[in-house]
There are 2 protein chains.
Amino acid sequence: MQCHSHSHNTKKEVEFFLSKLREVGSRVTKQRIALAKSIIAFRGPFSAEDLYSKVESQGIDLVTVYRCLSAFTDLEILSTVNFEDGTQRYEYLCSSDKGHHHHIICKKCKKVDPINFCVVQGQEQLVEQMGYANVSHKLEFFGICKKCAN
Amino acid sequence: MQCHSHSHNTKKEVEFFLSKLREVGSRVTKQRIALAKSIIAFRGPFSAEDLYSKVESQGIDLVTVYRCLSAFTDLEILSTVNFEDGTQRYEYLCSSDKGHHHHIICKKCKKVDPINFCVVQGQEQLVEQMGYANVSHKLEFFGICKKCAN
DNA sequence: TTGTATGCAAAGGCTTTGCAGATTG
DNA sequence: CAATCTGCAAAGCCTTTGCATACAA
């Protein structure tokens, strides 16, 4: 389910995003087109509120944002990211040409950096040997960034 | 900050828990003693509501549970565990003789199993080389357990 | 046309805050 | 006695739900 590189061409990226909707018979509305464009523009995880602030001016409702985030996640267009601050975040699965990755979050300023290595995927097999199917994982690092360390 | 083995002796475990409070000048109240006993009895992650249900009969308020959970976490008596279901969970740091560990959560029935191996700790050094101090991590596995797979 | 998607209003779940009174050290 | 902790009530924040209308296919 790895995405091809559609970077550097927003039009194609949006079309790719929308094709995922059409694939399963979901409808392509003007709200969803606007959301797709905004989602593609994010570099890294974003919250419902983050996304809403980008589309609010177009008269799109917060509830629509929540409903679409949920729908896009079901379609595996988005993945969920959790920073332990009580707010769910999402990330466009095709935005990172690096594919599967994790994050380091500064405990003070909440800055986020991507981490492009992952040692955990091999462990999923060990977990499957424990009797689990369809194993995935969520991993985030927390620390203090250079600026906040003074 | 690894805990010694206090298993098989509840009285000693409770005393150890309370000594952590006294260490920093926090007060030992009858509510906190009751909470300590209940927390020690949990085998694995529990929510505020889980804990409240154990002490409610003693007239302890839900707000007190929340406030103590927060205080105990600050004192590193508890760690926070997140299962991506919108409810914060906690785990007694000394209850697992295995020390640092992770969990596999069944996506259907929400059953939790501990995972006693961890390949990630070595990666924390790599993250520190990226310019972060005090690096820790949160890792959880998600899958479908045998029963739910039918 | 027919079912899906949206907007608005309201509710819901989990957690935090304010404050007065009780308790600990 | 002074500072912390507790209970109660209320608020807060993020997210979901209900329902009538609008819209895509």
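Each chain gets a letter, A, B and so on, in the order its sequence line appears, and its residues count up from 1.
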Checklist entry - Is Lys54(A) paired with Glu49(A) through a side-chain N to carboxylate O contact shorter than 4.0 Å? => result no

Checklist entry - Is Glu140(B) salt-bridged to Arg89(B), going by a charged N under 4.0 Å from an acidic O? => result no

Item to check | Phosphate OP1/OP2 of dT15(D): any Tyr66(A) side-chain N/O under 4.0 Å | outcome: yes

Within this structure, what is the [atom1]-to-[atom2] distance between [X] and [N], rounded to whole angstrom?
{"X": "Leu21(B)", "N": "dT4(D)", "atom1": "CG", "atom2": "P", "value": "15 Å"}
{"X": "Leu75(B)", "N": "dT4(D)", "atom1": "CG", "atom2": "P", "value": "14 Å"}
{"X": "Leu69(B)", "N": "dT15(C)", "atom1": "CG", "atom2": "P", "value": "9 Å"}
{"X": "Asp61(B)", "N": "dA10(D)", "atom1": "CG", "atom2": "P", "value": "14 Å"}
{"X": "Phe46(B)", "N": "dC14(C)", "atom1": "CZ", "atom2": "P", "value": "16 Å"}
{"X": "Arg67(B)", "N": "dA9(D)", "atom1": "CZ", "atom2": "P", "value": "14 Å"}
{"X": "Leu62(A)", "N": "dA10(C)", "atom1": "CG", "atom2": "P", "value": "16 Å"}
{"X": "Asn82(A)", "N": "dC14(C)", "atom1": "CG", "atom2": "C1'", "value": "14 Å"}

Checklist outcome for this item: Comparing nearest nucleotides in DNA chain C, the 5'-proximal residue of the pair Arg22(B), Thr87(B) is Thr87(B)

For [X] and [Y], test the side chains for any donor-to-acceptor distance below 3.5 angstrom and give the result as yes or no.
{"X": "Glu124(A)", "Y": "His137(A)", "result": "yes"}
{"X": "Lys20(B)", "Y": "Ser26(B)", "result": "no"}
{"X": "Tyr132(B)", "Y": "Asp113(A)", "result": "yes"}

Checklist entry - Just wondering, are more than 12 heavy atoms of other shown residues or ligands nearer than 6.0 Å to NZ in Lys37(A)? => result no

Checklist outcome for this item: Here the gap from Asn116(B) atom CG to His102(B) atom NE2, rounded to the nearest 0.5 Å, amounts to 10.0 Å

Checklist outcome for this item: Numerically ordered, the residues 47-60 of chain A set in heavy-atom contact under 4.0 Å with DNA chain C is Gly59(A), Ile60(A)

Checklist entry - What do the steps show when you test Ile40(B) against Tyr92(B) for side chain to side chain contact (heavy atoms under 4.5 Å, CB included), and what is the final call? => result CA-CA 7 Å; Ile40(B) 288 167; Tyr92(B) 183 41; 3.7 Å; yes

Item to check | same_hphob_cluster(Val14(A), Leu51(A)) at 4.5 Å side-chain heavy-atom cutoff | outcome: yes

Checklist entry - dT6(C), dG18(C), dT16(D): which one has an atom nearest the side-chain heavy atoms of Val63(A)? => result dT16(D)

Checklist entry - Considering only heavy atoms, which members of residues 24-38 of chain A lie under 4.0 Å from some atom of DNA chain D? => result Arg27(A), Val28(A)

